[in-house]
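Beneath this line is the structure, given in structure tokens, with notes to follow.
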Number of protein chains: 2
Amino acid sequence: MTAKLSIERTDDAQASSKGTQDLIPAIFQDRIGYHLRVAQEASFQAFAKATGRADLKPGWYALLTVLTQRDSMTPSELSRICGRDRSTLTSSLKDLADRGLIERHPNPDDQRSYSVRLTEEGRGMQERLQVIADAHDRLLEEITGEDKEVFLSVLARLTTVLG
Amino acid sequence: MTAKLSIERTDDAQASSKGTQDLIPAIFQDRIGYHLRVAQEASFQAFAKATGRADLKPGWYALLTVLTQRDSMTPSELSRICGRDRSTLTSSLKDLADRGLIERHPNPDDQRSYSVRLTEEGRGMQERLQVIADAHDRLLEEITGEDKEVFLSVLARLTTVLG
DNA sequence: GCAAGATAGTTTGGCATCAAATTATATAGT
DNA sequence: ACTATATAATTTGATGCCAAACTATCTTGC
């Protein structure tokens, strides 16, 4: 059902790791953490490249997408849902506000907090990002193939136990 | 064979995500990239905490361990084996040299390069780190359980295709 | 009501990472 | 031999992330 994938490296890539290729398995072959790190880095870089071509920031996608799900939300809620520390969101939210993709309204019930809401423009941007994210995830789906269920369940367990 | 694991969160953790918990699945449930990122972050933070308690840097482990496998090695080789950009290694190697854990010797055949070698002290440090890394990976092994093989193969495919 | 502690958001500091630019040296082609 | 290109390592600049410190505000317990 999914397109076939060629899992081969280019000649260039093969050449660049020649001679060391054999060492990797010897030491880290069984190291789950190693493979997890390298794979996640590769996935992130691929997505960052795709968004970068559209002059967007990869971190925007999760924020804008979560915001499509509710009328408004506080930064703390966003942080929990996105799985990132609150402090990480500060600059992204500023960016998004500066570009008019979100609006921040003071919360009348709590002067410390504010609510974040997508603007029309923000909604449009989310849709553009969604196309990129969809393509990225389609690729990941193809790669995981029939192992997707197991793979996701392991990731979920890791997050739960270590988180 | 492996110890039983309790996959439950503390009351505190449950409470802190109350009300948002249901939103996560709704949007990102199927997003492989999202779960991959969150799980890797959790795994890295756990390892960083363990090394931090011993006043060590997490990045040292991979370098020192690779170096146990050969008499000496160039930074470029290390970079390929560790799966990180060369520029990332520069400061780590300086750290390690400053602490006397590695020695850097000029390469007589190539003035641009040098070879890196573990000192006795470096070997001892590697052994200390190995204990921590082993414990970390035992935990990961317990979590992945019988799915380890499939999990690792998916990670390897991701790295190969996206890398 | 008021002091003590909790919470929301930001700021600061630190680390890890990549990519592009830089410098020095090797290698290849002519 | 000399020039042009490639390579090794570093430097610089950017991003993303967390954790701890900080400020402002809210809530709780007396």
Side-chain angles (χ1 to χ4, degrees), chain A residues 12 15-16 18 20 33-34 37-49 51-53 55-63 73-80 82-95 97 104-116 162-163, chain B residues 12 15-16 18 20 33-34 37-49 51-53 55-63 73-80 82-95 97 104-116 162-163:
Chain A
D12 208 40
S16 78
K18 183 167 296 178
T20 59
Y34 169 80
R37 177 178 68 74
V38 175
Q40 137 67 13
E41 181 71 25
S43 165
F44 175 77
Q45 291 297 330
F47 184 58
K49 241 165 216 158
T51 56
R53 273 192 287 273
D55 200 32
L56 307 172
K57 289 193 186 175
W60 291 0
Y61 168 66
L63 295 179
M73 212 175 274
T74 66
S76 285
E77 288 174 317
L78 270 171
S79 133
R80 280 193 292 269
C82 294
R84 306 211 210 117
D85 194 88
R86 269 169 303 160
S87 59
T88 307
L89 267 52
T90 303
S91 70
S92 296
L93 290 175
K94 180 167 174 15
D95 272 6
R104 299 191 270 194
H105 296 102
N107 178 348
D109 296 340
D110 189 337
Q111 303 295 125
R112 295 169 303 180
S113 185
Y114 60 86
S115 64
V116 178
L162 301 172
Chain B
D12 207 42
S16 78
K18 182 168 298 178
T20 58
Y34 170 80
R37 178 177 68 76
V38 175
Q40 135 68 14
E41 183 72 24
S43 164
F44 176 77
Q45 291 298 328
F47 184 57
K49 241 164 216 159
T51 56
R53 272 192 288 274
D55 200 34
L56 306 172
K57 288 192 187 176
W60 292 0
Y61 168 66
L63 295 178
M73 212 174 275
T74 67
S76 285
E77 286 174 319
L78 271 171
S79 134
R80 279 193 292 270
C82 294
R84 303 209 213 120
D85 194 88
R86 268 169 305 163
S87 60
T88 307
L89 267 53
T90 303
S91 71
S92 297
L93 290 174
K94 180 167 174 12
D95 272 6
R104 299 192 268 194
H105 296 103
N107 179 350
D109 296 340
D110 189 337
Q111 303 295 123
R112 296 169 301 179
S113 185
Y114 60 87
S115 64
V116 177
L162 301 172

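Owing to the predicted nature of the structure, the values given are computational and were not obtained by experimental measurement. Lettering of chains follows the sequences in order, A, B, ..., and the numbering in each one begins at 1.
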Given atom CZ of A:F47 and atom C1' of C:dT17, what is their separation to the nearest angstrom? 18 Å

Nucleotide by nucleotide, 5' to 3', does protein get under 4.0 Å of the base (B), only the sugar-phosphate (S), or neither (-) in nucleotides 13-24 of chain D, counting heavy atoms? ---SSBB----B

What integer distance in Å separates A:L93:CG from C:dG9:C1'? 10 Å

Nearest heavy-atom approach of A:Y114 to A:R104 is CE1-CD, 3.2 Å

Heavy-atom pair of closest approach, residues A:S79 and A:R84: OG-O, 2.9 Å

Taking the side chain as every heavy atom from C-beta outward, state whether A:S43 and B:L162 have any pair of such atoms under 4.5 Å apart. yes

In whole Å, I'd like the distance from the NZ atom of A:K94 to the P atom of C:dA8. 23 Å

B:R104 has an atom CZ; how far is it from atom P of D:dA8, in whole Å? 17 Å

For a quick test of your reading: what N or O donor-acceptor pairs under 3.5 Å do the side chains of residues 85-92 of chain B make, sequence neighbours left out?
from	atom 1	to	atom 2	distance (Å)
B:D85	OD2	B:S87	N	3.0
B:D85	OD2	B:S87	OG	2.7
B:T88	OG1	B:D85	O	3.4

Taken to the nearest whole Å, CD/B:Q111 to P/D:dA9 is 13 Å

Report which part of the nucleic acid A:T90 touches: base, sugar-phosphate, or nothing (heavy-atom distance under 4.0 Å, all strands). base

D:dT11 P sits how many Å from B:L89 CG, rounded? 14 Å

To the nearest Å, how far apart are B:L78 CG and D:dT10 C1'? 16 Å

Would you say that B:L63 contacts B:V116 through its side chain, given a criterion of any heavy-atom pair below 4.5 Å between the two side chains? no

Kindly say if B:Y61 contacts the phosphate of C:dA16, meaning a side-chain N or O under 4.0 Å from OP1 or OP2. no

How close or far is atom C1' of C:dG9 from atom CG of A:N107, stated in whole angstroms? 13 Å

Given 3.5 Å as the limit, does a donor-acceptor pair link the side chain of A:T74 with the main chain of A:S115, or not? no

